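One structure below.
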Number of protein chains: 2
Amino acid sequence: MPETAIKDKCKRCMLYADSRLFCAQLSEDELCELSDRSRTLSMKRGDTLEDEALAHWPIVAIDGGVLSMQHLLQDGRKTIAAFFMRGDILDLRNVTNRNRGALIALGKVSLCRLSPAVFEQVMAQNAKAQKVIWENLRDQAFRAFDHSGDIAKKQALEKLASFIFECRNRQEHFGKTELIEIPVRRIDLAEYLGMQPETVSRCFKDLEKRGILEAQSLGAVRITNVPLLRRIANGDKDVSTGRDGEGGIKILKIA
Amino acid sequence: MPETAIKDKCKRCMLYADSRLFCAQLSEDELCELSDRSRTLSMKRGDTLEDEALAHWPIVAIDGGVLSMQHLLQDGRKTIAAFFMRGDILDLRNVTNRNRGALIALGKVSLCRLSPAVFEQVMAQNAKAQKVIWENLRDQAFRAFDHSGDIAKKQALEKLASFIFECRNRQEHFGKTELIEIPVRRIDLAEYLGMQPETVSRCFKDLEKRGILEAQSLGAVRITNVPLLRRIANGDKDVSTGRDGEGGIKILKIA
DNA sequence: GCCCCGGATTGATCTCGATCAACATTTGCT
DNA sequence: AGCAAATGTTGATCGAGATCAATCCGGGGC
């Protein structure tokens with residue numbers, strides 16, 4: 001077998017199979033070198049990427065599943081600051097643990113610890129790959145800015161509506177259907193949105209009662225009234241308080 | 001004057017004068033080309049970077065002042081998702097306005113709209129410059145993750161304490177003093193932390209009453225009890241609720 | 001299949017911070 | 001400097017969502 005044959009582990013990995021993702025941008029030689037010097041890892045719910053492991057492998061690329069960044073307060077309160085999913089690349093080189101939360105899997109996660117040396121080399125040489133990782137990091141940052149805005153002033157119902165749209169934006173679209181996958185448990189969702197699981201539950205029920213969405217299961221919903229959900233997400237009080245029961249008649253107050 | 005003479009506008013700009021920032025990494029030729037194809041801009045409180053202007057100049061480097069990213073809800077509620085300060089570089093190429101808030105100055109801001117072509121060229125050629133902008137974007141992302149965690153579950157007092165530490169981390173250290181500059185108004189601070197100006201005011205007063213900090217003016221405070229403020233920021237309920245009036249005696253519950 | 005247990009739901013109560021209102025102070029403009 | 005408008009502070013009241021408590025699932029292991 002020639003030195004440059006693409007490894008099976010890479011052929012099975014979405015980072016290579018999806019033409020928009022990082023490994024698909026690499027030349028055969030680059031991919032093989034990166035592959036040889038990198039290590040895949042499977043995690044299950046609750047597993048943590050330990051500091052010690054991260055010191056050696058500070059660059060992590062997500063193949064599938066949902067990895068969370070969690071902040072733990074001293075009295076036990078917990079928050080999820082971010083979700084990382086397929087295609088996301090985390091560069092934790094020189095990130096002091098002061099401003100980095102724990103990285104914890106929220107289900108089965110498969111990821112690849114990339115060799116920092118090869119990563120750096122590819123970043124310097126391969127403009128296409130550089131563009132992909134730059135845009136990925138930029139997306140992560142903008143998603144975080146958005147999320148900060150969402151949880152700062154929005155009410156519970158509005159936060160949940162925004163989150164459903166965030167899921168919709170991130171998932172590969174299943175045709176034209178408004179079937180949205182919710183890839184995390186209620187409890188994680190609550191921690192991400194800064195609310196209690198009880199409140200999340202109540203808000204889902206409220207949206208169902210108003211005919212805005214249907215629960216398919218705990219892990220998926222179908223939006224039955226996209227414009228109305230959008231208005232709630234955008235903080236239109238006349239809708240979110242339920243005063244306008246018929247829905248969608250009132251003219252939007254577009255700034 | 002030779003073609004490669006460094007322009008006055010660059011000599012006066014901290015992006016060049018501070019050796020850690022972007023323009024200081026460039027060769028004289030690179031700097032001059034970038035300078036020729038870029039445009040400085042001064043803004044005053046309330047000025048907005050318009051979409052139209054950003055379409056032509058999507059890359060913005062902050063020389064000084066505080067620029068905010070604001071999200072406006074339909075009923076008038078407003079949140080500040082992020083602060084951008086000296087050295088921050090915003091790359092808004094291909095960012096749909098859907099997930100980008102308005103960019104509004106919170107005081108006098110001086111910035112430089114960088115030529116995308118030259119920026120891209122420098123990013124491809126100059127490894128040192130590439131490292132600086134990569135790390136800057138990474139800092140922005142991690143700061144946003146942190147901030148999301150802060151505002152999701154923390155109480156008002158805890159959020160304010162965290163914010164004071166955020167200011168402390170970001171400012172160039174004035175010697176060893178615990179004098180912290182608060183570079184934004186109360187009202188902006190409230191929008192950033194997802195609370196009301198009244199609450200911000202009450203929390204500052206509370207921290208003063210407890211002897212944890214002294215207000216020097218609206219724009220600066222001196223921390224007089226750093227460990228206690230840290231415990232509040234970290235969500236130690238025994239402290240933040242004021243039950244432990246003497247402060248600092250109780251043993252920390254480190255997880 | 002059955003058991004088991006973490007997660008999800010539902011209901012009742014309470015609290016922190018939002019809101020409203022009045023007043024003080026700072027900032028910006030001429 | 002002096003005025004007007006914007007911002008900040010203080011006090012009183014109210015409500016959305018946290019908290020507490022009691023079930024109710026659903027899916028993984030044997």
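Please read all numbers here as calculations on a predicted model, not as lab measurements. Any value given below was found using the heavy atoms of this structure, including those in side chains, with hydrogens, waters and symmetry copies removed.
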Could you give the NZ-to-P distance, from Lys154(B) to dG17(C), as a whole number of Å?
-> 13 Å
Closest to the side chain of Arg45(A), out of dG7(C), dG17(C), dT10(C), is dG7(C)
Between Leu218(A) and Ala156(A), whichever has its closest DNA chain D nucleotide further toward 5' is Ala156(A)
Using whole Å, report how far CG of Leu160(B) lies from P of dG17(C).
-> 12 Å
What's touching nucleotides 28-30 of chain D from the protein side, N or O pairs under 3.5 Å?
none

Glu158(B) CD to dC16(C) P, straight-line distance once rounded to whole Å = 12 Å
Using only heavy-atom distances, determine whether the side chains of Lys154(B) and Ser162(B) contain a donor-acceptor pair under 3.5 Å.
-> yes
Just how far, in rounded Å, is C1' of dG17(C) from CG of Leu193(B)?
-> 14 Å
To the side chain of Lys205(A), which of dT26(C), dT10(C), dT10(D) is closest?
-> dT10(C)
State whether a side-chain donor-acceptor pair under 3.5 Å links Tyr192(A) with Glu166(A).
-> yes
Check the distance between dT9(C)'s P and Phe204(A)'s CZ and give it to me in whole angstrom.
-> 8 Å
May I ask you to decide if Arg231(B)'s main-chain N or O and Asn234(B)'s side chain share a donor-acceptor pair within less than 3.5 Å?
-> no
Ring centres of Phe84(A) and Phe145(B) under 6.0 Å apart?
-> yes
Would one find more than 12 heavy atoms of other residues, nucleotides or ligands at under 6.0 Å from atom NZ of Lys108(A)?
-> no
Over how many whole Å does the gap from Gln155(A) atom CD to dA18(D) atom C1' extend?
-> 15 Å
Spacing between Arg186(A) atom CZ and dT10(C) atom C1', to the nearest angstrom | 15 Å
Taken to the nearest whole Å, CG/Asp206(B) to P/dG11(D) is 13 Å
Got a second to check how far Thr40(B)'s OG1 is from Leu111(B)'s CG, nearest 0.5 Å?
-> 8.5 Å
Just checking, is any N or O donor in the side chain of Ser148(B) or Ser148(A) under 3.5 Å from an acceptor N or O on the other one?
-> yes
Side-chain contact check for Arg185(A): nearest option of dT9(D), dA8(C), dT7(D) is dA8(C)
Please write out each protein N/O paired with an N/O of nucleotides 18-22 of chain C under 3.5 Å, distance rounded to 0.1 Å.
from    : atom 1 : to        : atom 2 : distance (Å)
dA18(C) : OP2    : Gln196(B) : N      : 3.3
dA18(C) : OP2    : Thr199(B) : OG1    : 2.5
dT19(C) : OP2    : Gln196(B) : OE1    : 3.3
dT19(C) : O4     : Arg202(B) : NH2    : 3.0
dC20(C) : N4     : Glu198(B) : OE2    : 3.1

Would you indicate whether Lys78(A), at its atom NZ, is surrounded by more than 12 heavy atoms from other residues, nucleotides or ligands within a distance under 6.0 Å?
-> no
Give a yes or no on whether the backbone of Lys44(A) and the side-chain of Asp47(A) come within a donor-acceptor separation of less than 3.5 Å.
-> yes
